[in-house]
Amino acid sequence: MSVPSPLYVLDCEDVAWFRDDPGLPSAARGAAATLARRIGLDGYRSSEVALAVTEAATNLQRHASDGALLLRVLRTPERAGVEFVTVDTGPGMADVEAALSDGTSTAGTLGIGLGAVARLADAFDIHSIPGRGTVMAAQFWARGQGAAPTGGTPDGPALSVASGLTRPISGESTCGDAWAVRVDPGPDRDARSGPDARSGGYGEGEGPGAHGAYGGSGGSAAHGAYGGVGGSGAYNAYSGSGAHGGSGAHGAYGETGGSGAYGRSGSGAHGAYGETGGSGAYNTYGRSGGSGAHGAYGTTGAAPSPEPAILVMLCDGLGHGPLAALAGEAAVKAFRQSAARHPEGLLRDIHTALRGTRGGAVAVARIEPSAQRLLYCGIGNVSGVLLGPDSRNGLLSAPGIVGQQMRSLRTFELPLKPGGALVMHSDGLTERWKADDLPGLLRHSPAVMAGQLLREAGVRRDDAGIVVVKGAW
């Protein structure tokens, strides 16, 4: 059975950040053309990618007070594309529509204008706030001369419901923050079904000519463009009935082997932190903890829904530099290979994988559109926020270090509100950002939302990582 089309994620290979300096346009243009050809785009399409990147880079150079451009590969199981994201703290645009109209071009550029960049792209989004800055994202996939946009699928554009960014601390070339997203198709479905089943990144790399721009490890676990890591990242089919205790097991969430395992509850018992698996039981947050209960904010013992869901992971490796990056890479690999379907099971697998590394702060979320709920479990200083059109719910993490000290796990459950988004970020972004200060934020793509929050709240004294999921419910 195929994964429903709304649950669509793209595999992401972070390649290079380019800082704003005099060589930015030429460096970014050369890297974009090389990358486009390397993933199989023809000469004509590669030249269009280079032209669009040049316009965006020159715009940064001339108008941004602090700008950067990210260049990376996007993949589906069948195709590959190029994406760039620009982030700046310049003056912003008072009239984005006018800036995108024909005949409007940045002074000194090749003259094609942002409107032409949007037409060349298969997916394009821009969010600008006067006096604060602008974030722009554009994707380029294979298509013939004069053909309409194709997006990442043969049938036309298909926008990923998730995207993220990571950026190393100033002076480092690798990033210890990492993120990954994949589709859980359900216990009786092959994880490889559907448009794609995984996405993620763990540190941007320094592509040819990147001028040392925030550089990094070369990309996520598969394909390894520009010599990036080509390690494991294969899809794992879920085991279905019998996995982790099997159908009917009395352990927490149906994943453990016996009643009350891990200090959680079997039927009717009272588990650690008041978490329960029994109908009508009462948890420490004063809300019903029965199977499937939707408390406004409480721990839950409910089993994962059998319907397709989105799984999200963010890891902040302790410290920074190569050793922190190794922890992030191990977390991504464990997340992708784990057969667990519940955030707690995934965190336990990641905990095992991070032993022998520095460890890190890790949070895992499960988004179930059919059940209209979010399950969230975190350890350490990772921030989670569930945004709604008129609400903001912070998500709690327990103390500890994944890979070293992880005593107890608590999974929180919140209802999903239409038009909302899940934001998860490391402490490389402050928690003081407010969606109200960024008008229209929820109307934009996950990539642009991530860029805008990184611009607004990112700090230079630490690695920064953020992942956003929206449009799946």
Side-chain angles (χ1 to χ4, degrees), residues 6 8 10 52 55-56 59-60 63-70 83-101 104 106 113-119 121-139 149 151 157-165 312 367 369 374 383-395 416-425 429-458 464 466-473:
Y8 185 92
L10 293 170
E55 178 76 15
N59 191 57
L60 277 180
H63 296 289
S65 58
D66 181 17
L69 182 147
L70 170 68
E83 180 180 51
F84 75 75
V85 180
T86 63
V87 180
D88 74 66
T89 55
M93 304 179 195
D95 191 341
V96 172
E97 289 188 8
L100 294 174
S101 64
T104 302
T106 302
L114 293 181
V117 173
R119 287 195 302 275
D122 292 290
F124 178 87
D125 191 22
I126 185 170
H127 186 210
S128 188
I129 303 173
R132 287 181 178 265
T134 302
V135 176
M136 177 169 56
Q139 297 178 14
L159 298 179
S160 176
V161 299
S163 186
L165 300 171
V312 193
I367 295 170
L374 166 73
S383 299
V385 177
L386 186 61
L387 287 177
D390 55 0
S391 63
R392 171 179 172 144
N393 294 104
L395 302 167
L416 297 172
K417 295 184 178 181
L422 171 66
V423 178
M424 296 164 61
H425 64 79
L429 287 79
T430 71
E431 295 182 326
R432 292 192 296 271
W433 60 269
K434 298 179 181 179
D436 291 344
D437 294 337
L438 306 170
L441 181 68
L442 281 170
R443 295 197 297 269
H444 291 274
S445 66
V448 165
M449 284 187 65
Q452 196 65 270
L453 292 173
L454 180 63
R455 180 204 59 76
E456 182 77 3
I466 180 171
V467 57
V468 176
V469 183
K470 70 179 291 283
W473 66 91

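For the single chain, residues carry numbers from 1 onward in sequence order.
Across all non-hydrogen atoms, the minimal contact from A447 to A137 is CB-CB, 4.2 Å. Nearest heavy-atom pair across G67 and L60 is CA-CD2, 4.1 Å. The shortest non-hydrogen separation linking V448 to I126 is CG2-N, 4.5 Å. Summarising the geometry of G164 relative to A450, their closest heavy-atom pair is CA-CB, 4.4 Å, with the distance given to 0.1 Å. Here the closest non-hydrogen pair linking G133 and R455 is CA-CD, 4.2 Å. Closest approach of L114 to E55, counting heavy atoms only: N-OE2, 4.3 Å.
The backbone N or O of P439 sits less than 3.5 Å from a side-chain atom of H127, completing a donor-acceptor pair. Side-chain atoms of S65 come within 3.5 Å of backbone N or O of T89 as a donor-acceptor pair. In this structure, Q139 contributes its side chain and A121 its backbone to no donor-acceptor pair below 3.5 Å. In terms of modelled atom types and a separation under 3.5 Å, the side chain of S128 and the main chain of M93 share a donor-acceptor contact.
Expressed to the nearest 0.5 Å, how far OG1 of T86 lies from CG of N59 amounts to 7.5 Å. Rounding to the nearest 0.5 angstrom, the gap separating the CG atom in L386 from the OG atom in S391 is 6.5 Å.
Applying the salt bridge (Lys or Arg N to Asp or Glu O under 4.0 Å) rule to R132 yields the partners E456; only residues at least two apart in sequence or on another chain are considered. With sequence neighbours left out, E431 forms a side-chain hydrogen bond (donor to acceptor under 3.5 Å, both in side chains) with S383.
Side-chain contact between W433 and H425: present, with at least one pair of heavy atoms (C-beta onward) separated by less than 4.5 Å. Within the 4.5 Å cutoff, no side-chain heavy atoms of L454 are placed close to those of Q452. Contact annotation: the side chain of L374 approaches that of L395 to within less than 4.5 Å [non-hydrogen atoms, C-beta and beyond]. For the pair L453/L441, a side-chain contact is recorded, criterion being any heavy-atom separation below 4.5 Å from C-beta on. Under the 4.5 Å side-chain criterion, counting only non-hydrogen atoms from C-beta, F84 is not in contact with L70. Using a 4.5 Å heavy-atom cutoff, the side chains of M136 and V85 are not in contact. D88 is not listed as a side-chain neighbour of D66, based on a closest heavy-atom distance of 4.5 Å or more.
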What donor-acceptor contacts under 3.5 angstrom involve side-chain atoms of residues 466-473, with partners at least two apart or in another chain?
from: K470; atom 1: NZ; to: L442; atom 2: O; distance (Å): 3.3
from: K470; atom 1: NZ; to: H444; atom 2: O; distance (Å): 3.2
from: W473; atom 1: NE1; to: K417; atom 2: O; distance (Å): 2.8

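For CZ of R443, the number of neighbouring non-hydrogen atoms (other residues, nucleotides, ligands) closer than 6.0 Å is 12 at most.
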